[in-house]
Amino acid sequence: MVARTVRTDDRPAEAAEPDGAPAAWGHRHLLDVDVLAREDIVAVLDTAEAMEEVLQRRVARTPALRGVTVFNLFYEPSTRTRASFELAGKVLGADVINMTGSGSSVEKGESLIDTVATIRAIGADVIVMRHPSGGAPYLAAQHSDAHVVNAGDGLHAHPTQALLDAFTLRRRLGDLAGKRIVLIGDIKHSRVARSNVWALTTLGMEVTLVGPRTLLPTGLNAAPPASGRDLSLPRVRLEEDLDRAIEGADAVMALRLQRERMQGAFLPSLREFSRRYQITPERMARAREGAAVLHPGPMNEGVEIAADVAHGMQSEVERQVAHGVAVRMAVLYLLTQGVGAAT
Amino acid sequence: MSGDLLIRGGRLIDPGSGVDAMLDVLIREGRVAAVGADLGGVDAPVLEAVGRIVAPGFVDLHTHVREPGQEYKETVASGMAAAARGGFTTICAMPNTEPAMDGPPVVAQVQEAARGGPARVLCVGAVTRGRAGERLAELAELRDAGVVAFSDDGDAIASGTLARRAFEYASDLGLPIAEHCEDPALAEGGVMHEGVVSTRLGLRGQGALAEVSIVERDLRLAEAAGARLHICHISARESCEAVAEAKARGVAVTAEVTPHHLLLTDAAVAGPNGAAAAASPGGLRYDTNAKVNPPLRSGEHVAACLEALRAGVIDAVATDHAPHTVTDKQCEFDRAAFGISALETAWGVLGALIAWGELPLDMAIERLTWGPARAWDLDRVVPGLGRLAVGSPGDVAVLDPSSRWTVEPERFASKGKNTPLAGMDLVGSVVATVSGGRVVWGEGAS
């Protein structure tokens, strides 16, 4: 139970704070998973378990974030992530306002810094931001004292997706230490893959990346520099042959393949890609029995994942979406502890 | 008499003249009149240089003064003032102005704006009209108007055919083509060096191959045409290797490197080491002041550039001074302008490299004076430039090679405060700058 001062006049009888939430999380923003220690991630997952219970209630509402204003600032189209954050905020009793890049001052040429300052002046306590440029949420965090949650920035990071994937995997596999997951497809352009590499390796998983050379980023598993900061991603296993990589895996994750990759000559054709990299029932047979199948969505069924697998017994895809709400509730809750007192 | 000055008591390092000795320099009417020990008893104002290094004024082959067209970023006047603070007495103004410096009128405009200023401004003419990479500019007219080289800097001459014709045409005129080596197809719109750091930051990378492929192409084209090629801001190991090979087989090629490509790696984009990094939200930064083209590269490339500079494969250190406003830089990394304001930190960066034992003092001075002057044969335009022999221009940099100072961009004379070196300690300061016998910066400036 957390000590917080919130207005208690018309609180319902049930506890405002879900059980099991840790006392303090220690992060002002959620910009990437790279700064989260194992216990930080576990705190999110444990809090999300408590949030799941809230979501199971007949009236899924708790006033934990009453008086908190959450601004969804989306410079890129999104349905599930935005809806998920919106619902997460509303279930917690926060005021949620949605703003998109189109039809707003953004379209009139307002700078990101000015937009963020304006939103803060209106009263935003949390800015949930999606942006096509890597690092844009860092800029927002530097120029605003609101909490900033990265909801996907360019090719860089999508931390809440990685956290909900970790939540889903933990539910399915139990302790993740020593378990093996294979991430397949367009790693190069995937912020989901990058954030998952951080989250899952931090939780002790062995991560294998599979894809054609053209769709793997440069500098993976590079030797650390002779001097200065080591900025490399965590070490992973690299594999170009999916059949070999999937052997004995505890989980597989397909990534969305953008059709425009054909234009950049990253791939010859969708057909060839799906022959080499589609998750099929035959390939799943090589994985550990009962291995989990994940996909961040939206799926191209028949391209990176066969329909039978996408909707089969091993698929976690729908549960991932459901878990997304609980995990985002946990993130909003952990970031804003104490905000209610200040407003 | 204006333009008279005695610089007394210093250690004269004039690599172009092969001099390193305790010698005084007497300037009369703006030109060096005498160099000798104890030139006392002359009727001239005195600049005391005891304990200082006295060097020829620095020559920058690569300066963006932004005028005409982008005077909010820099003007000829503010660029010259920044040059003076950095010890530069000659700067070569790049032609990516608005309109581009692709004909005599714009050249004349810049020359006029520079008249009487604290630095000599030499103009570089565009290779193609409007720098559009489609038709040749009137190169002979540009030469007659006084340009010292041709360049479409900011972009490479993308078309191989056009580049071939440009080298052939320029070979008649005797001036070098200074190429910004970046194959746009291979650069793929990358905003930083492609590698470990771009992967970590999720930013689109621009690999070294984008530079190397144009370097290799141009070396062959220039060789075939018998033309002079100058490689701007070299940044990749493989480019250095290609230039070394070409020089060995007699190609008329020269190259420059910027101070920042000798000091910083692509890790600078993710922000500084240590406490400052820990203080930034999320541990990482996206420092747009470290966004530059060519991009800051990984350690192996930095080491290769230093080695090539020491070996003489690279002839000159040039600043690629690229001033921008705060608005141009304080935005998303993808949208930020490329470039670093570098005139006022160049000597401090080289001083740090000298202090770390990476570069000998006399060689650092050579690469800022005689190296660039010789690379572009500037002696033909301004006799004695880049040296302090009798008859040379009275352009002098008085240096302290060991004093430490902290970079405070807000104190720059340049309008561009954009530098990734802000807050960093550099070694070596410019104590005074003398242009045509006039002290234009530092102790005794009038």
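A, B, ... follow the sequence lines: proteins, then strands. Residue 1 opens every chain.
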Between [X] and chain B, with a heavy-atom cut-off of 4.5 Å, which part of the residue counts as in contact: side chain, backbone, both or neither?
| X | result |
| --- | --- |
| His27(A) | neither |
| Pro137(A) | neither |
| His189(A) | neither |
| Arg194(A) | side chain |

Exercise for the section: Output the option from Asp153(A), Leu30(A), Leu155(A) having the highest count of non-hydrogen pairs under 4.5 Å with chain B. Expected result: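 That would be Leu155(A).
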
Exercise for the section: To the nearest 0.5 Å, tell me how far Cys240(B) SG sits from Ile314(B) CD1. Expected result: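 Answer rounded to 0.5 Å: 4.0 Å.
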
Handout entry: Interchain contact, Gln330(B) with chain A, by part (heavy-atom threshold 4.5 Å)
Key =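 Backbone plus side chain of Gln330(B), per the 4.5 Å heavy-atom cut-off to chain A.
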
Problem - Validation row, ring centre His193(B) to ring centre His301(B) under 6.0 Å - result: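 For His193(B) and His301(B), the ring centres are under 6.0 Å apart.
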
Exercise for the section: Compute whether any side-chain donor of one residue and acceptor of the other, for His64(B) and Asn96(B), lie under 3.5 angstrom apart. Expected result: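 Yes.
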
Problem - Pair Arg66(B) + Glu98(B), salt bridge at N-O below 4.0 Å - result: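 Salt bridge: no.
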
Problem - Note, Arg120(A) side chain near Thr118(A) side chain (heavy atom, < 4.5 Å) - result: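 Sidechains of Thr118(A) and Arg120(A): no contact.
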
Exercise for the section: Could you check which of Leu201(B), Leu203(B), Val197(B) has the highest count of heavy-atom pairs closer than 4.5 Å to chain A? Expected result: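 Answer, by heavy-atom pair count under 4.5 Å with chain A: Leu201(B).
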
Exercise for the section: Mind listing the closest non-hydrogen atom pair of Gly416(B) and Pro323(B) along with its distance? Expected result: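 Minimum heavy-atom contact is CA-CB, 3.6 Å.
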
